[in-house]
Amino acid sequence: MSSHREAPEISMDPVADSTDLYAFVSPDRPNTVTLIANYIPLQAPAGGPNFYQFGDDVRYEIHIDNDGDGEADITYRFTFQSRLRNPETFLYNTGPITALNSPSWNARQFYSVRRFSGRGSTGTELGKNLACPPCNIGPLSTPNYDTLAAAAVHDLGRGIRVFAGQRAEGFYVDLGAIFDLGDLRPFENLHNQYGMHVFANPAPGVNATNQLNVHSIAIQVPIRELVRNGASGESDPKSVIGVWTTASRQAASVFDAETGKTVSSGPFRQVSRLGNPLINEVIIALGDKDRWNALPPAGDKQFAHYYAQPGLAAALPSLYPGVFPNLAALVKSGKARADLEAILLTGIPSGIIPGFQNSTGSVLSDMLRLNTAIPPSSSPNILGLLGGDLAGFPNGRRVFDDIVTVELRAVAGLTFALVDPSFTPDNAASGVTDGLTSTSVKAPYLNTFPYLGVPYSGFDNPS
């Protein structure tokens, strides 16, 4: 949910709404990188009879920039096709779905994967007619869901594996608190509206996305397929890749009254984009959100002022009077937030954090940056770099990383001292949080591909 309903236009088009993006060196196959793009936010598990599926009319893509210009050098494109066995029934399934080819599964979906290298490439087909798993309906309809999902992990050869289908939402966030005037429950007694609450005492966060599902597009690729030739070691810029996902629709759509369906035509136009988490949700201003979604990362210089002077940084001292005095002074000084620009727009250069860099150069572009030469951590910390774990966010992003706390603390000034040693972060900057951790997610993460947990069943988890 790091980017669910983040802009006015895409909030009305959930099938094309990119919600979360993950990029990390695979812990069980460290010679590969796993890329996961989630779509279709906030799925109620019991959402039948028309259960969730990818859009047949949407072009889903995961892009990789490996030379730092903010343009895609490699793109993986996923296109979907839905098939009905029996259009005369209203049922998604007419009996237990025990296999991906089960005759009782009526509303199935398949997809193809193509790889594009550079501009003008016609692409190479990596796989076609690949089956998605069904949604997790309940014990009678999907009695062995783990088996169904495992069968939907497809080996495409050359060390590449893919999965596309429903997964448990792994992102955790207290949406109710954050968008209620930033009323972070662990600190609500310090909020400027204290006294207007029925409850105004410190309290744990509430995970607004718990027991909800998403649809994931996951691909695991050997590192050698993503980096430039000659990449060698953590200090080598060639080891760093930038990643983002997009969804595109054809430019024209017409409603056919005879069939009751929408017919699309014309060139595909980008309608959704996601690189770093929470950017279009809380960094980009409302008037620019739709435009940001339609543009490539290479054009992000025009949005750099939002990163340099984020509105949330200006709001925190007024929302929590006396709690962030040093941040208030920093905002008043007008100094650009070079720390946030590095973390989010260029990557962190060598010399800032000992033994670490994930810089892609000087081009300002919002991408999830991953140093592929940094191995997975044997003792992961959900705070990533802030917790001393070089394999975590903002070095890529793992499914369990606490990106809300990391970005809250960065915006609150905790990381500004890295670029300006004269600045002293407020004590609260190292403790601000929405009160959630990876244990706030009910469905356990997996240790193997596709890593996000088994989706919540509609029978057991009404939303």
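Worth knowing before you read on, the calculation uses all heavy atoms, side chains too, and leaves out hydrogens, waters and symmetry mates. Numbers for residues simply follow the sequence, beginning at 1.
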Decide whether [X] and [Y] meet the rule of one side-chain donor and one side-chain acceptor closer than 3.5 Å.
{"X": "N207", "Y": "T209", "answer": "yes"}
{"X": "Q309", "Y": "R337", "answer": "no"}
{"X": "S248", "Y": "R269", "answer": "no"}
{"X": "N144", "Y": "T147", "answer": "no"}
{"X": "T439", "Y": "T437", "answer": "yes"}
{"X": "D56", "Y": "Q109", "answer": "yes"}

Item to check | With D67 via side chain to side chain contact (heavy atoms under 4.5 Å, CB included) - residues at least two apart | outcome: D65, D69, D73, R228
Item to check | Centroid-centroid distance, Y39 to Y60, less than 6.0 Å | outcome: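 Yes; Y60 has its ring centre under 6.0 Å from that of Y39.
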Next on the checklist: Check for me whether the distance between the ring centres of F163 and H154 falls short of 6.0 Å.
Outcome noted: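 No, they do not, as the ring centres are separated by 6.0 Å or more.
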Taking only Lys NZ, Arg NE, NH1 and NH2, and the carboxylate oxygens of Asp or Glu, determine whether [X] and [Y] approach each other closer than 4.0 Å.
{"X": "D236", "Y": "K238", "result": "no"}
{"X": "R185", "Y": "D180", "result": "no"}
{"X": "D57", "Y": "R249", "result": "yes"}

Checklist entry - So, does T415 use its side chain to make a donor-acceptor pair with the main chain of D339 at under 3.5 Å? => result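 It does not hold such a pair.
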Next on the checklist: For the backbone of T19 and the side chain of N38, can you confirm whether one donor and one acceptor N or O come within less than 3.5 Å of each other?
Outcome noted: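 Answer holds: no.
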Checklist entry - Does W244 have R273 sitting over its ring (NZ/CZ under 6.0 Å from centre, angle to axis within 45°)? => result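 No, R273 and W244 do not form such a contact.
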Next on the checklist: When you measure from the centre of the six-membered ring of F268, is the NZ or CZ of R59 closer than 6.0 Å and no more than 45° off the axis?
Outcome noted: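 Yes, a cation-pi geometry holds between R59 and F268.
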Item to check | Identified ring pair (Phe, Tyr, Trp, His ring centres under 6.0 Å) partner of Y451 from the options F24, Y445, Y22 | outcome: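 Testing Y451 for a ring pair (Phe, Tyr, Trp, His ring centres under 6.0 Å) against F24, Y445, Y22 leaves exactly one candidate, F24.
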